[in-house]
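These notes concern the structure reproduced below.
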Amino acid sequence: QLRLVESGGGLVQAGDSLSLSCEVSGSTFSAYGLGWFRQAPGKEREFVGRMSWAGLVTYNEDSVKGRFTLSRNNAKNSLYLQMNSLKPEDTAVYFCALDIRNPYSTSTRIAGGYDYWGQGTQVTVSS
């Protein structure tokens, strides 16, 4: 059974850094895209960034450009989100998501474009 497990969340101060991990297990798919979303209380789930199976990366430029960086391991079953210069508005539950329908897409930014989700990890940034 396919599972996505996020880890690395926590409470930090504004300006600090935090690194999130997403581990994929149980996949039988030959290729998939992986993305990060976040959801703050009372708000819709927001696209953060995505890495295609080919390794191309897309970010939500308005929210995280220049501060967040995606990477993955060589086996392509772990996706990392390095978050620098954190702001209080980055406070949210961060979700990892997997896309099997368009694994090479660099433009899948809506939650409906993903097929599997993790449980999320809380990131809280204090001012």
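No experiment lies behind these values; they were computed from the predicted model shown.
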Exercise for review: Verify the cluster assignment for Trp53 and Leu98: are they in a single hydrophobic cluster under the rule of side-chain heavy atoms below 4.5 Å apart?
Suggested key: yes
**Study point:** Within one Ile-Leu-Val-Met-Phe-Trp-Tyr cluster: Tyr104 and Leu79, side-chain cutoff 4.5 Å
**Key:** yes
Review point. Got a sec, which residues hit salt bridge (Lys or Arg N to Asp or Glu O under 4.0 Å) with Arg101, two or more places apart in sequence or on another chain?
Key: Asp115
Review point. Any luck finding a side-chain donor-acceptor pair between Tyr59 and Arg109 under 3.5 Å?
Key: no
Check your understanding: Any donor and acceptor pair, going by atom type alone, linking the side chain of Thr91 with main-chain N or O of Pro88 inside 3.5 Å?
Key -> yes
Exercise for review: Evaluate the side-chain proximity of Met83 to Thr69: yes if any heavy-atom separation is below 4.5 Å, no if none is.
Suggested key: no
Point to revise | Check: Glu6 main-chain N/O paired with Tyr94 side-chain donor or acceptor under 3.5 Å | key: no
Exercise for review: Flag yes if more than 12 heavy atoms outside Gln119 fall under 6.0 Å of its CD atom; otherwise flag no.
Suggested key: no
Check your understanding: Looking at OG of Ser107 and CZ of Phe47, how far apart are the two atoms once the value is rounded to the nearest 0.5 Å?
Key -> 9.0 Å
Check your understanding: When you measure from the side chain of Ser27 to the backbone N and O of Leu2, does any donor-acceptor pair fall under 3.5 Å?
Key -> no
Practice item. For Tyr114 and Ala97, work out which heavy atoms get closest and say how close. Key: CD2-CB, 3.5 Å
Point to revise | Residue among Arg45, Glu44, Glu46 satisfying side chain to side chain donor-acceptor pair (under 3.5 Å) with Gln39 | key: Arg45
**Study point:** Note, Asn73 side chain near Tyr80 side chain (heavy atom, < 4.5 Å)
**Key:** yes
Practice item. Look at the side chain of Asn102 and the backbone N and O of Ser105, then say whether any donor-acceptor pair between them is shorter than 3.5 Å. Key: no
Review point. Is a side-chain N or O of Asp99 found less than 3.5 angstrom from the main chain of Gly33, in a donor-acceptor match?
Key: no
Review point. With a 4.5 Å limit on heavy-atom distance, are the side chains of Leu4 and Val24 in contact?
Key: yes
What pairs of donor and acceptor atoms, side-chain ones from residues 9-20 against any protein atom, are under 3.5 angstrom apart with sequence neighbours left out?
from, atom 1, to, atom 2, distance (Å)
Asp16, OD2, Gln13, N, 3.1
Ser17, OG, Asn84, OD1, 2.9

**Study point:** Closest contact, heavy atoms only, Val125 versus Lys87
**Key:** CB-O, 3.3 Å
**Study point:** Joint cluster assignment, Tyr32 & Leu70, ILVMFWY side-chain distance < 4.5 Å
**Key:** yes
Check your understanding: Should Trp117 and Phe37 be marked as a ring-ring contact (aromatic ring centres under 6.0 Å, His included) after you check the CA-CA gap, both sets of side-chain angles, and the distance that decides it?
Key -> CA-CA 10 Å; Trp117 292 83; Phe37 284 76; 5.1 Å; yes
Review point. If two hydrophobic side chains count as joined below 4.5 Å and joins carry through other members, does Tyr116 share a cluster with Trp36?
Key: yes
Check your understanding: Looking at Glu23 and Arg72, does any basic side-chain N land under 4.0 Å from a carboxylate oxygen?
Key -> no
Review point. Do Phe29 and Met51 share a hydrophobic cluster (ILVMFWY, side-chain heavy atoms under 4.5 Å, transitive)?
Key: yes
Review point. Rounded to the nearest 0.5 Å, what separation is found between the CG atom of Leu34 and the OG atom of Ser78?
Key: 9.0 Å
Exercise for review: To the nearest 0.5 angstrom, please state how far the OG atom of Ser63 sits from the CZ atom of Arg38.
Suggested key: 5.0 Å
